[in-house]
Q: 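Once you've had a glance at the structure underneath, I'll fire off some questions.
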Amino acid sequence: MTIPIAVAVLATALLVLGWALAAWAVAQWRRAQRDCGAATEALTQQQHVSQTVAQVLQAARVALWEADTRGVFTRVDDTAARLMRVAATDLVGVRRVADTRDADHRDALAQRLADVLRTGRPLVRWPNLVVTAQGEPVWVSTTVVLRRDAQGRPVGLQGCDQDINTRHRLVLSLQAAERRHRLLTEHAQSILYTIDPAGRLTYVSPSWQALLGHPPDEVMGRDFRPFVHPEDVPLCEDFLARTLRERRVLPPLTYRVWHRDGSIRYHRSVLAPAFDDDGRLQAVVGNAIDVTTDIELRAQLERVATHDALTGVANRRLFIEQVQREVERNRRSGAGLGLLMLDLDHFKDVNDTHGHAAGDAVLIAFVQRCRAALRPSDVLGRLGGEEFAAVLPQVSREQLQAVAERVRHEVARQPYALPDGTVRTVTVSIGAAVALPAEDSDALLQRADRALYAAKHGGRDRVVLVMAGRVL
Ligand SMILES: Nc1nc2c(ncn2[C@@H]2O[C@H](COP(=O)(O)OP(=O)(O)OP(=O)(O)O)[C@@H](O)[C@H]2O)c(=O)[nH]1
């Protein structure tokens, strides 16, 4: 009995143990299965992350690479290979700097890689010009960090190049455009400016200082009016208003501006209104050039063309025009108009005795004396040789006679000092005519000429006045 009981106990014990072992094994198996699932999941997740990162980097055109301490590629990813238009395997073993184009740039990159190796400090987003296998330059943004082994010893470099070709070329072209713009505005012989509708100068180029003396900071933000000659301010205001109203570029305007030193300069300006797509005014852009020299030159040429070079009085053409104008005016106003024809007596003898230079000196002094005897509003002209004439607006017959006598007296009053050291008295014969209401300038000139002829034949040094055909 004892044995069967013992066997039964043993068997039970073994059964229990077997169950326990089985249960433990099942538990272990389940745990292992759980762990395995977790590990698989973790692995899957890691692969997913890597894939995602790779896709993102690829989409962002970021190439990853590794190099040894000499800078020779040891690993290159597909993006890098695509970037360089070459198989990844062909890049391995190539020096990192060999893909860089110009020598200066290559040296700069080599220096930076050496710095990373030496200092351990990363090179971050450095614009780098690499050249593809086909020789095409491509701008990349290079980031490089130091690679260390488990003991922290430098074993090489790793980094990434991001393709920034399109953006960087845009930046470069913008920088070039900006440089060009700066060069143009700084060295232009004209002033570029923007002005608002109220007349405030919102921008002036640096050339303002060269042309008008003020540093641009002194001008920007200020009203244009104090810089312009007061008489020309209304012209400029109208120019701005019309440009805005008509929304177009008008023919240029010439006006006077003050230089900082107080002198007057002539400027010629164009204004261009700029509108946005909705037709709203964005700015009014102006360009002003200094035309002072042109204006002065033109004035000089005009003077040469219309004035006698020796004496400075109006030449025949200008004088005749002046007579025509005054005859017209007199016809309208009836205020009276007088004409004097003046001819020096025996002037040939002055030349013959004292020389041509003496004759010139007498002519100059004669004009000065005539001017002293005439009113500023009277116009004196040289008709040729030693023959002069004066047109006198707003005079009566008596007044004309008196002025003519005054001129005759003034001319003869004092002897002329000649260049040869001698002195000589000179007299003048004068024919005078008062304009008739119906006559034109030619008729008036002819009558005065007849009076002069009478004065010469009457013995010279005298005034003869003719009125309505009668010599008085
Ligand atoms: N020095 C000088 N002489 C001039 C100029 N233009 C004309 N003449 C001279 O003026 C002189 C004019 O001489 P004439 O026409 O005979 O007149 P005149 O000697 O004044 O005699 P009357 O008019 O009859 O009193 C000539 O000798 C010209 O050469 C000039 O610009 N300079």
Side-chain angles (χ1 to χ4, degrees), residues 300-323 338-374 378-392 400-433 441-467 470-472:
Q300 261 175 33
L301 287 174
E302 216 168 280
R303 194 162 175 80
V304 166
T306 55
H307 288 75
D308 173 43
L310 180 68
T311 61
V313 298
N315 66 11
R316 183 180 190 90
R317 185 167 67 84
L318 178 65
F319 182 78
I320 300 290
E321 280 173 15
Q322 197 65 28
V323 175
L339 192 79
L340 301 180
M341 286 283 192
L342 311 127
D343 192 293
L344 288 168
D345 300 327
H346 305 301
F347 187 64
K348 186 174 179 312
D349 191 51
V350 176
N351 277 333
D352 292 349
T353 312
H354 305 279
H356 204 81
D360 284 356
V362 168
L363 290 174
I364 292 167
F366 163 76
V367 162
Q368 282 167 356
R369 294 187 188 194
C370 287
R371 279 209 167 115
L374 295 167
D378 302 335
V379 175
L380 186 62
R382 186 176 181 188
L383 301 184
E386 85 307 7
E387 194 182 336
F388 292 80
V391 60
L392 294 81
L400 184 66
Q401 177 100 43
V403 173
E405 284 298 345
R406 198 162 67 227
V407 170
R408 189 186 67 80
H409 183 257
E410 186 67 29
V411 169
R413 189 171 55 88
Q414 223 176 306
Y416 291 71
L418 302 179
D420 62 5
T422 61
V423 292
R424 169 144 186 170
T425 300
V426 174
T427 61
V428 63
S429 297
I430 302 176
S441 55
D442 283 350
L444 175 63
L445 284 160
Q446 276 169 23
R447 282 196 307 115
D449 207 31
R450 277 206 301 278
L452 172 63
Y453 184 80
K456 285 280 183 193
H457 283 267
R460 296 181 173 80
D461 188 20
R462 69 194 53 214
V463 174
V464 171
L465 185 97
V466 66
M467 232 196 126
R470 279 185 305 122
V471 174
L472 301 175

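As the structure lists them, so they are numbered: ligands from 1, and atoms in each ligand from 1.
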Q: For residues 356-372, please give each side-chain donor-acceptor pair under 3.5 Å, one per line with the distance, not counting sequence neighbours.
A:
residue	atom	partner	partner atom	Å
R369	NH1	V411	O	3.1
R369	NH1	Q414	O	2.7
R369	NH2	Q414	O	3.3

Q: Could you check D349 against R424 for side-chain contact (heavy atoms from CB on, under 4.5 Å), going step by step and ending with a plain yes or no?
A: CA-CA 11 Å; D349 191 51; R424 169 144 186 170; 2.8 Å; yes
Q: Please enumerate all residues that pass side chain to side chain contact (heavy atoms under 4.5 Å, CB included) together with L383, with sequence neighbours excluded.
A: R316, F319, M341, E387, A389
Q: In the structure I gave you, are the side-chain heavy atoms of E321 and L318 within less than 4.5 Å of one another anywhere?
A: yes
Q: Should the proximity of D343 to ligand 1, defined as any heavy atom under 4.0 Å, be assigned to the side chain, the backbone, both, or neither?
A: side chain
Q: Taking distance alone, with N or O pairs closer than 3.5 Å, would you say L363 contacts ligand 1?
A: no
Q: Where's the contact between V362 and ligand 1, heavy-atom distance under 4.0 Å: side chain, backbone, both or neither?
A: neither
Q: Give the contacting part of N351 toward ligand 1: side chain, backbone, both or neither, where contact means a heavy-atom distance below 4.0 Å.
A: side chain
Q: Assess, by modelled atom type and distance only, whether the side chains of S429 and D345 contain a donor and an acceptor separated by less than 3.5 Å.
A: yes
Q: For atom 13 (O) of ligand 1, which candidate among E387, H354, K456, K348 holds the nearest heavy atom?
A: K348
Q: Under 3.5 Å between some N or O of ligand 1 and some N or O of F347?
A: yes
Q: Who's the nearest protein heavy-atom neighbour of atom 24 (O) of ligand 1, and how far?
A: R460 NH2, 3.0 Å
Q: Polar-atom distance check: D345 versus ligand 1, any N or O pair below 3.5 Å?
A: no
